[in-house]
Undergrad: 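Would you mind keeping the following structure in view while I ask a few things?
Below, all heavy atoms of this structure are taken into account, side chains as well, without hydrogens, waters or symmetry copies. Below, read A as the first sequence line, B as the second, and so on, with proteins coming before strands; counting in each chain starts at 1. Bear in mind the structure is a predicted one, so any value in this text is a computation, not a measurement.
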Amino acid sequence: MPHLYLVDGSSFIFRAYHVLPKLTNKHGEPAGAVYGYVSMLWKLADELDKADGPTHLAVIFDKSEQTFRNEMYDQYKAHRPPAPEDLVPQFPMIRDATRAFSLPCIEEAGWEADDLIASYSKAALAQGWQVTIVSSDKDLMQLLTEPGIDMLDTMKDRRMGPEAVVEKFGVGPDKLGEVLALMGDSVDNVPGVPGIGPKTAAKLILEHGDVEAVLAAAPAMKPGKLRDNLIEHADKARLSRKLVELACDVPLPDPLESMELNGIPDAPLRAFLDHHGFKTLLARLGNAGTTVADAPVETPDVPGLEEDPPCNHDGYATVTDAAELDRWIADARHQGWVAFDTETTGVDATRAELVGVSLALKPNIACYVPIGHGGTDMFAEKPVQLDRDVALAKLKPLLEDPSVLKIGHNLKYDAIVLARCCPELGGITVGPYDDTIVMSFDLDAGLHGHGMDELAATHLSHSCIAYKDVTGSGKKQIGFHEVDLKAATRYAAEDADVTLRLWKRFKPRLAYEGATRVYEMVDRPLVRVIADMEREGIKIDAAVLSRLSDDFSKQIAALEEEIHAIAGFKFTIGSPKQLGDVLFDKMGIKGGRKGKSGVYSTDVNELERIAADKDSPGREMVLKVLDWRQLSKLKSTYTDALQAQINPATGRVHTSYSLTGAQTGRLSSTDPNLQNIPIRTETGRQIRDAFVAEPGNVILSADYSQIELRLAAHIADVPALREAFESGEDIHNRTAMELFGEVNRDTRGRAKTINFAILYGISRWGLAGRLDVTPDEAQGMIDRYFQSFPGISRYIADTLTEAKQAGYTTTLFGRKTHFPRLQSKTQHERAGSERAAINAPIQGTSADIIKRAMARMGPALAEAGLPNVKMLLQVHDELVFELPEGDVEAARPVIERVMATAAEPAITLTVPLGIEIGVGPSWGAAH
DNA sequence: CGGCTCACG
DNA sequence: GACGTACGTGAGCCGA
């Protein structure tokens with residue numbers, strides 16, 4: 001079925017103009033709105049991939065100021081200020097841009113874009129087409145009356161149907177015109193009825209049906225301002241009703257068929273981008289058709305970035321008055337975006353209590369709203385501050401307002417705190433949002449850290465007030481709620497201010513440097529998903545861990561005694577230094593190797609080497625030390641530590657995921673790290689039995705099988721490996737056959753080692769060490785591997801060449817990882833970076849894929865009617881869920897499908913993604 | 001706080 | 001001629 005996309009060009013120009021900083025093109029002409037507009041069209045091109053993407057598309061513009069509405073009412077849009085001086089010359093450039101994309105540009109004298117959009121929609125729907133209006137204009141929402149039509153807000157990445165109208169205005173699209181008429185619109189100068197805003201308008205229309213009926217009922221209403229105004233301004237109401245009505249029968253300037261999409265020819269677009277010097281977009285064009293999102297470009301320069309004034313803490317406001325808070329909120333609404341930060345009592349978002357919120361609107365224009373200051377002693381005097389409930393009731397609508405962008409730095413933290421802060425209000429669900437920590441990561445992974453202090457120093461040459469300067473440190477450290485309001489305001493408002501400044505720099509860079517796709521499609525949506533997972537946590541059966549702890553304790557004590565008896569004296573077994581001395585000096589074991597700190601190495605390889613020698617005098621002790629080490633590790637890191645991590649309020653463990661921790665794009669997990677729970681040995685695996693489901697629920701674990709090898713087969717284009725995955729063959733067996741000509745336990749094990757080694761860029765010496773062969777033999781295996789799978793050596797060479805030239809590697813989804821040390825003068829550093837660069841596209845693509853699956857999982861489960869299936873954990877290639885036992889069979893195929901198709905439609909892989917699913921009462925049992 | 005060791009993918 | 005040798009993480013312990 002044809003699907004027509006109608007782009008509201010005019011409204012988009014204004015939004016692009018106001019959202020983006022003032023940019024200029026290479027000729028020094030103002031071109032920010034042009035750039036924003038082109039980026040939007042580009043983003044829209046992503047829709048082409050989708051199943052219900054456009055088959056037809058046109059951009060609609062306003063032609064002139066004079067329309068039939070001016071004839072009705074000469075004041076219509078009369079008070080609109082003229083377009084800003086630097087925007088005017090961009091109008092013709094934008095029409096050029098549209099033509100450069102070979103898209104029809106439609107405008108007609110006497111009609112507004114809205115009327116043309118309404119008329120085209122009606123005509124298309126009449127022919128049974130689907131229609132999507134690309135706009136966020138409230139007047140156009142009147143058109144959402146039929147099932148075949150919806151709206152798309154590309155800037156917020158949001159699709160809207162009739163529910164969105166009900167949510168925003170309290171009435172359906174069929175009554176929206178009535179409500180808009182009563183409300184009026186000060187920007188367009190639609191008069192409406194004085195004193196009636198959205199709430200009253202909706203109430204009246206719901207009660208009476210339409211404007212005429214409201215007016216007719218007015219004389220009978222209870223005496224008051226509302227009644228008087230309705231009677232006095234009845235004519236204005238009737239006029240407003242006509243002004244907001246969209247004309248649906250404008251003669252169509254071009255036939256619908258002329259809007260058919262037939263691909264975007266290269267040449268005109270290239271010429272246009274080249275004319276303006278939009279380098280990154282040009283580079284992307286150069287790469288169109290390949291699977292890599294962005295070609296390497298020279299250091300991109302964002303032209304004409306405004307210099308912000310230096311930070312000045314003295315101007316920050318402490319808001320302790322309701323009316324003042326209202327003003328800040330109104331200003332934020334008016335502007336459409338606001339940077340914010342929360343101050344709390346601690347670093348663990350799932351336990352911390354809210355102490356205050358800071359807002360920043362413009363550089364140096366920021367405030368702090370304290371709501372929880374004062375000592376914990378209930379008799380202690382508290383500073384004058386807004387009542388917590390009052391302040392939160394005012395902040396909640398702003399933080400949830402779909403038309404105001406909220407900007408945070410590590411917003412995941414704030415999102416969790418705010419979701420928990422006011423259960424009586426149903427929590428606060430922050431959105432829509434941007435997160436500067438994630439933006440920085442998507443732009444500059446590998447170049448530097450992404451903490452606010454470091455970013456402020458790097459990008460703003462500003463050194464932030466240190467948290468410790470405000471709260472002190474060590475024994476004398478106080479909680480933020482105990483900090484006096486003056487100091488708290490300086491610190492908190494500065495954080496919001498800096499966040500805003502960073503955002504202004506990062507936002508245009510994302511588009512310029514080709515990072516928008518990975519940010520918008522992968523990492524930004526994940527912030528909310530991860531926040532929800534962390535808040536959910538996972539139940540731990542403390543009794544299981546406590547039993548294991550006791551068990552381990554006894555074994556450890558027994559081993560300790562035996563080890564000391566063998567040595568003949570007591571020493572600290574856990575000290576590598578003492579252990580090394582005992583083994584290699586006192587007991588005289590040969591072959592000890594000292595590291596650079598002068599201590600003998602006693603790691604597991606070394607000890608196993610000793611144990612392998614049947615005649616070694618240290619064999620008995622070393623075996624016991626290995627056991628002791630394993631048990632000590634399990635006890636201190638897992639069975640003891642995990643019990644201490646149980647949140648008393650929830651009875652569950654809430655890890656914290658870092659979205660920016662791993663350079664490749666993987667997540668990392670801390671406090672506790674739930675991505676390294678033992679599994680490889682039976683003793684360790686028992687710890688997973690303590691991760692359990694609530695009664696009536698079960699744990700479901702779904703993992704990608706061999707995802708990195710599959711991706712290597714795709715990315716390096718290795719037919720032999722691809723076929724093996726296609727036919728479901730065991731991949732290590734296949735490699736063993738290719739390399740050794742026969743498959744047995746030994747050759748399969750070696751093949752497995754080599755398969756992984758290759759992905760990590762191994763050397764002959766490294767492989768020799770792992771396989772216990774000579775470097776020459778190892779080299780022979782590597783050579784044979786490359787002969788069997790020639791794509792691999794090509795991949796390694798190409799990846800290194802590109803990485804050295806561009807300074808970064810790229811995943812299939814366009815995620816960059818920078819490798820500045822590829823240029824290092826030290827061979828050691830260079831070699832290390834080369835190995836990392838070989839691995840990064842594969843590990844990173846795998847990370848992108850599971851992240852996409854995670855972002856889509858919630859909606860897919862909701863759509864399947866499975867709201868009680870909760871995603872709890874991610875372990876790089878595995879997702880762990882908790883769900884009602886009765887939902888298992890329904891959830892299984894949904895989870896499998898979402899994971900297996902997570903690369904689509906952006907990327908079509910030439911290998912299938914295999915998913916393995918297990919279910920059980922505990923994580924251990926689900927494997 | 002660095003080094004060592006070891007848990008995971 | 002010596003060095004060091006597989007990628008990505010986080011945590012606990014020791015000892016300076």
Undergrad: Mind checking A:Gln578 for me? I need base, sugar-phosphate or nothing, with any heavy atom below 4.0 Å counting as a touch.
TA: sugar-phosphate
Undergrad: For A:Arg547, give me all partners under side chain to side chain donor-acceptor pair (under 3.5 Å), at least two apart in sequence or on another chain.
TA: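 Partners of A:Arg547 by the side chain to side chain donor-acceptor pair (under 3.5 Å) criterion come out as none, since no residue qualifies.
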Undergrad: For A:Lys577, is the NZ atom crowded, meaning more than 12 foreign heavy atoms sit under 6.0 Å from it?
TA: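 Not more than 12 within 6.0 Å, no.
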Undergrad: Taking the side chain of A:Asp877 as its heavy atoms from C-beta onward, which of B:dG9, B:dC4, C:dG12 lies nearest to it?
TA: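 Selected nucleotide: B:dG9.
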Undergrad: Which whole-number value in Å describes the distance from A:Lys635 NZ to B:dA7 P?
TA: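 Spelled out: NZ on A:Lys635 to P on B:dA7 is 16 Å.
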Undergrad: Between A:Thr637 and C:dG10, is there a side-chain N or O to OP1/OP2 distance below 4.0 Å?
TA: no
Undergrad: Calculate the interatomic distance between A:Tyr638 atom OH and B:dA7 atom P; express it in whole Å.
TA: 7 Å
Undergrad: What residue pairs, at least two apart or across chains, pass salt bridge (Lys or Arg N to Asp or Glu O under 4.0 Å) with a residue in residues 872-882 of chain A?
TA: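 Residue pairs with at least one partner in residues 872-882 of chain A: A:Arg652-A:Glu882.
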Undergrad: Run the side chain to side chain donor-acceptor pair (under 3.5 Å) test against A:Tyr657 and tell me which residues pass, sequence neighbours left out.
TA: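 A:Tyr657: no side chain to side chain donor-acceptor pair (under 3.5 Å) contacts found.
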Undergrad: Compare the minimum distances between each of B:dC6, B:dA7, B:dG9 and the side chain of A:Gln630, then state the nucleotide with the smallest one.
TA: B:dA7
Undergrad: Reckon A:Arg835 has a side-chain N or O less than 4.0 Å from the OP1 or OP2 of C:dC7?
TA: yes
Undergrad: Distance check, C1' atoms only: C:dA6 and B:dC8, in whole angstrom units.
TA: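 These two C1' atoms come out 16 Å apart once rounded.
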Undergrad: Any salt bridge (Lys or Arg N to Asp or Glu O under 4.0 Å) involving residues 553-564 of chain A? Give me the pairs, sequence neighbours left out, ordered by first then second residue.
TA: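 Listed once each, the pairs are A:Glu562-A:Lys624.
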Undergrad: Does anything in residues 779-789 of chain A come within less than 4.0 Å of DNA chain C? Heavy atoms only, and list the residues if so.
TA: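 When residues 779-789 of chain A is checked for heavy atoms under 4.0 Å from DNA chain C, there are no hits whatsoever.
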Undergrad: Quick one: A:Arg750 CZ to C:dA6 P, roughly how many Å, whole number?
TA: 17 Å
Undergrad: Check this for me: does any side-chain nitrogen of one of A:Arg722 and A:Asp717 sit under 4.0 Å from a carboxylate oxygen of the other?
TA: yes
Undergrad: What would the secondary structure line of DNA chain C be in dot-bracket form, counting Watson-Crick and G-U wobble pairs under 3.5 Å, with [ ] for pairs that cross earlier ones and | for pairs with another strand?
TA: ......|||||||||.
Undergrad: Please give the distance between the C1' atoms of C:dC3 and B:dA7 as a whole number of Å.
TA: 29 Å
Undergrad: Any salt bridge (Lys or Arg N to Asp or Glu O under 4.0 Å) involving residues 666-677 of chain A? Give me the pairs, sequence neighbours left out, ordered by first then second residue.
TA: A:Arg666-A:Glu708
Undergrad: Under a 4.0 Å N-O cut-off, is there an ion pair linking A:Arg750 with A:Asp746?
TA: yes
Undergrad: Taking side chain to side chain donor-acceptor pair (under 3.5 Å) as the test, write out the residues that go with A:Arg748, two or more places apart.
TA: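 With neighbours one apart ignored, the set is A:Asp730, A:Asn733.
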Undergrad: Touch check for A:Thr572, heavy atoms < 4.0 angstrom, all strands: base, sugar-phosphate only, or nothing?
TA: sugar-phosphate
Undergrad: Could you state the CG-C1' distance from A:Leu709 to C:dC7, rounded to the nearest angstrom?
TA: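 To the nearest whole Å, that distance equals 13 Å.
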Undergrad: Could you give the CG-to-P distance, from A:Leu579 to C:dC14, as a whole number of Å?
TA: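 That distance rounds to 13 Å.
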Undergrad: Rounded to the nearest Å, what distance is computed from the CZ atom of residue A:Phe756 to the C1' atom of nucleotide B:dC8?
TA: 13 Å
Undergrad: Go through the N and O atoms of the side chain of A:Lys577 and the base of C:dC14, and report whether any donor-acceptor pair is under 3.5 Å.
TA: no
Undergrad: Output all residues satisfying side chain to side chain donor-acceptor pair (under 3.5 Å) with A:Asp798, sequence neighbours left out; order by chain, then residue number.
TA: none
Undergrad: Could you work out the separation of B:dC4 and C:dG4 based on their P atoms and round it to a whole Å?
TA: 11 Å
Undergrad: Within the 4.0 Å heavy-atom criterion, would you say A:Ala757 contacts the bases, only the backbone, or no part of the nucleic acid?
TA: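 The residue A:Ala757 makes base contact.
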Undergrad: Let's see if you get this right: which residues in residues 664-685 of chain A place a heavy atom under 4.0 Å from DNA chain B?
TA: A:Arg666, A:Gln675, A:Asn676, A:Ile677, A:Pro678, A:Ile679, A:Arg680
Undergrad: Whole angstroms only, please: what is the CD1-P distance between A:Ile796 and C:dC7?
TA: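 Taking CD1 of A:Ile796 and P of C:dC7, I get 13 Å after rounding.
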Undergrad: Mind checking if A:Thr753 touches a base, just sugar-phosphate, or nothing, with heavy atoms under 4.0 Å?
TA: base
Undergrad: Should the pair A:Arg815-A:Asp523 be classified as a salt bridge under the 4.0 Å nitrogen-to-oxygen rule?
TA: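 Salt bridge present between A:Arg815 and A:Asp523.
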Undergrad: May I have the distance from A:Leu631 (atom CG) to B:dC6 (atom P), rounded to whole angstrom?
TA: 13 Å
Undergrad: Taking only residues at least two apart or on different chains, which pairs with a member in residues 768-778 of chain A satisfy salt bridge (Lys or Arg N to Asp or Glu O under 4.0 Å)?
TA: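 Residue pairs passing salt bridge (Lys or Arg N to Asp or Glu O under 4.0 Å), neighbours aside: none found.
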Undergrad: Indicate, with a heavy-atom threshold strictly under 4.0 Å, whether A:Gln663 touches base, sugar-phosphate, or nothing.
TA: sugar-phosphate
Undergrad: Partners of A:Phe584 by ring-ring contact (aromatic ring centres under 6.0 Å, His included), sequence neighbours excluded?
TA: A:Tyr600
